[in-house]
Each structure stands twice: as structure tokens, then as C-alpha cells.
2 protein chains.
Amino acid sequence: MVFPSGRCFIQEGAPAHDFYVLTGGRAKLFTLMPDGRRQIVGFAELGDFLGLTSSETYAFTAEALGDVTLCRFPHSAIDRLVERFPRLRGRLQKEASSELVKMQSRLMVLGRKTARERLASFLVEQASPCCGHHALHDEREPLTLPLPMSRTDIADYLGLTIETVSRTFGLFRKEGLISVKGASSVTLLEPGVLSDMANGIKRD
Amino acid sequence: MVFPSGRCFIQEGAPAHDFYVLTGGRAKLFTLMPDGRRQIVGFAELGDFLGLTSSETYAFTAEALGDVTLCRFPHSAIDRLVERFPRLRGRLQKEASSELVKMQSRLMVLGRKTARERLASFLVEQASPCCGHHALHDEREPLTLPLPMSRTDIADYLGLTIETVSRTFGLFRKEGLISVKGASSVTLLEPGVLSDMANGIKRD
DNA sequence: CGCGCTTTTGAGATTACTCAAACTTCGTGG
DNA sequence: CCACGAAGTTTGAGTAATCTCAAAAGCGCG
């Protein structure tokens, strides 16, 4: 199952009949307020489970960021699947609890961090695609990241405006922390500094 | 197992040997930044599971809000428990996914809502202790809530300062939306209006 | 009744937002 | 291959919401 860039394959509030496993590409997950304010609640990648909810409806909209491939399963098939692949159960539990931990750190980002700290957190998070438990590859090793999402997406993920995101990118650039190529690729020149900034640690 | 008010029974970062079921009272769950900034990631109540994590350490600190009673189980006992009480598995899954949905709405609160909307969200959430899926009891029925947490706790939950929380309470009072008794008890005089405000809906 | 702590209120500072305009980038078509 | 146009991004100037610092008021408790 393939969806083209920009296609919403899960709709917030729609009856939650199916769940999906993302097998290629990335997607953004978001919720909307009636007046259009948007909060991106996460980005999904290879291997992520989407649409598993205990309620009758989906809690967020999922939109393809670039082309995306998915496997769809009806909710009713979960038990059958778990029976056939017993490993799956542990996988689902791990997934859920690690997602919960990520959510808690996102709450800190949105509730208590400054714009600089938020963007640094975002960059560091993007740098460690799976599980962030091992620090950045190397404190001083430049690291180039693709950023498939727009500035607007980053802003809606970090609870900022697009202008603030852009200005903060500009500051980081001037300070020699990053270099930017064409708005969709960043190189972290000082991963260690960014990581400390993300965690609210001041270096003199 | 009983813990007195103010006692931390789970420490962020400590090895996660046990998990808990809260059987009485309430607790606040929070994470800290090195400079002391605090984000309350949730309040736990009767029946909540705490300390279930896929990682080696706890992701948050849990502190008793008033006296709290708990049952403690070593993590290693989960499989045994699930074997003996097969219902528990579904319970754990439901718990996890409903917590995830709550987290998503908290992200919207912290990322995109104004101070007024945040406090309204908080009051409405406190008014529907379990699952918020059925609207407030009655749109126009005043509803009195105990607030066991301090203004500081509310501020750290909503990503605001204590002064902003206090001022916003003051505004709501002046506008006839609530009435306050002794800072630890509120009456929602216009639950419908507050609920709309929480969701960013303007009433003329 | 007085003390300490929490909460409320006030005044000014600051961060991030809003509105507006200029500039890039990238895809399209000549 | 280059010019054009639309969309996305960056930059600028002024504003507004919330924060910070400070002081007064209220509340609970001994």
C-alpha cells in the first residue's frame, strides 16, 4: 500500500477500523483545533505502528511526508496476528511504553524549554532516529541530517511559529553550530553543544 | 504500602526494579531539568499503573499528593501476574493506549493553547476524573472540585508560571466562570463555557 | 493571636508572535 | 538552458502575551 506525499491516510476523529505498520518513508501525525491551530504529536518512521487506539476513533491525523508505504490490518486481526507471531506482543508493549517516554520528554520541550532549546532538542532527536539512549555518535563529529518536513511542520512540532524557527536556525548558523543546505538538509557542526543546549546545560 | 504527603516513591533515573498500582490518594509525576525547571507529566489516581517502562530506569519522579497507598510488584513478576490474571493484559494495553491519547492532548495544551485555554483545559480535565469521553455532567450545572495540588503544581503541569495561573484564576473569578474556596477547592459555575474555551471555541 | 508559607496583585522586562516585505528554491514551460 | 511564477523561507519592525521581580494579602497552624 503506497500513499503519495501529502496524502492523509488516517483522519483524526474517524472510526478506527484499521491499524498500520509503516514500511517505508515517513509521516507526520497531528491534531487540529477548530480554528486551525495545529500540533504535530510525532513523526512516524520505518517500523512504527500507527492507529492502535483503545477508543473508537483515531486521535490524530497521519499525513505522508514524501511517499510512504504501509501495511494495513483491521483491528479485529490483532489477536489473530499475536497468536501467529507471539513475539509481536512484546514488540507492541515496548513500542507503547517507549512512545510514552518520548511523549514525556516532548512535554518538557513544549512546556518548559526556550525556542533555542526546542530547536536543539529537535535536531538532536532527528540525529538519533531510533531510541535516543546512546548519545550522539560523536561529540565533535559533524553529522548531516535530511529534514523531510517543512519549517511549518517543525514549528507545529515545537509549539513555535515558522518565523521563530527560521530565526533560530539563522542564529545557530551564525554561531557556527549548524550549516544548512537548501532548507531540507542540516549539518550539525557541534553536536555536543547542541545536545547540551537541548538539555538546558550551559557551556561557558 | 503507604506513603506520606510529599514523599517521592519513584525517582527519575533510578533503576526501574518495580512497578506500582495506586490504590488510594493521588500523586504527581514530573521530570526536572538540571537548572530546576520542572514539568509535571501527569497526575495519577486510583487504579493507575506507575513505573511500567521498557527502559532500565524510571522516566519520571512520582511524589505523593496527600497520603497515598500503593501496591508494589517487581517487574519480574509481570509475566507471572498476567498468567494468573489474563484480564490484566488487556487492562495494561488499554491503560497504555489511553495514556498515549491523553498525552497527545497535553501536547496541544502545552504547544498551542493560551494561558486561559490551558487553565480551562485543566479544570475540565479535573472535572472528568476517569476517561473524559462523556462531556461534562451538565453544561450549566455548577460542579465543585477539590484541587489537591498547589498553584505551583498547576503551573508546572500547564507550562506556565505560578503568577500567570493565579492571575488567570482571578480573571475566571471576575468573569463569573468559577468561584474559589481557599485555593484548594473550585466550583465551575459555567462548565460549558469553560469546556468550549478549553477547546478553543469562541462563544459570542 | 501571631508566624510562616502560599497565593494574589502590581509594574516593568522579555520572549516569542504578528504582520509585512524581500529573497530563495524549485518546478515548469518557453 | 534559461526565464518565470508559485510556494516556502528568511528578515525586519512593532506588538502582545507571558515572565520576572517585588511586595502585599490571605490562609493554616501552633
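Order of the sequence lines fixes the chain letters, A, B, ..., with proteins taken first and strands second; residue numbering starts at 1 for each chain.
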Output side-chain donor-acceptor pairs under 3.5 Å for residues 172-181 of chain A, partner residues at least two apart or in another chain, one line each.
{"unit_1": "A/Glu175", "atom_1": "OE1", "unit_2": "A/Arg116", "atom_2": "NH2", "d": "3.0"}
{"unit_1": "A/Glu175", "atom_1": "OE2", "unit_2": "A/Arg116", "atom_2": "NH1", "d": "3.0"}

So, A/Thr69 and A/Thr23: side-chain donor and acceptor under 3.5 Å apart, yes or no? yes
Distance test, side-chain N/O of A/Thr161 to OP1/OP2 of C/dA16, below 4.0 Å: no
Separation of atom NZ in A/Lys113 from atom P in C/dA16, rounded to whole Å: 14 Å
B/Phe30 six-ring centre to B/Arg38 NZ/CZ under 6.0 Å and within 45° of normal: yes
Between B/Phe169 and A/Val165, just flag the one whose closest nucleotide in DNA chain C comes earlier from the 5' side. B/Phe169
Under 6.0 Å from the six-membered ring centre of A/Phe85 and within 45° of its axis: does the NZ or CZ of A/Arg80 meet both? no
Can you confirm whether B/Arg106 sits close enough to B/Glu125 that some side-chain heavy atom of one is under 4.5 Å from a side-chain heavy atom of the other? yes
Do the rings of A/Phe122 and A/Tyr157 sit parallel, tilted or perpendicular, given the 30° and 60° boundaries? perpendicular
Rounded to the Å, how far apart are A/Leu147 CG and C/dT25 P? 15 Å
Consider the side chain of A/Ala115, meaning its heavy atoms from C-beta on, and name the nucleotide among D/dC19, C/dA16, C/dT7 that approaches it most closely. C/dA16
Would you mind reading off the distance between B/Arg112 atom CZ and C/dA16 atom P, rounded to a whole angstrom? 13 Å
Where protein sits on nucleotides 21-30 of chain D, one letter per nucleotide: B base, S sugar-phosphate only, - none, heavy atoms under 4.0 Å: B---------
Can you give me the closest heavy-atom contact between A/Asp18 and A/Arg72, atom names plus distance? OD2-CD, 3.4 Å
Atom-to-atom span, CG of B/Leu171 to P of D/dT18 - whole angstrom: 10 Å
ring-ring contact (aromatic ring centres under 6.0 Å, His included) partner of B/Tyr20, chosen from B/Phe49, B/Phe9, B/Phe3: B/Phe9
Compare side-chain N and O positions of B/Thr164 against OP1 and OP2 of D/dC19 and report whether any pair is under 4.0 Å apart. yes
I'd like a list of close polar pairs between nucleotides 2-6 of chain C and the protein, N/O only, cut-off under 3.5 Å.
none

Is the shortest side-chain N to carboxylate O distance from B/Arg112 to A/Asp156 below 4.0 Å? yes
Nearest-nucleotide 5' precedence on DNA chain C, A/Gly159 against B/Ser166: B/Ser166
Taking only the side-chain heavy atoms of A/Thr114 (C-beta and beyond), determine which of C/dA16, C/dT7, C/dT9 contains the nearest atom. C/dA16
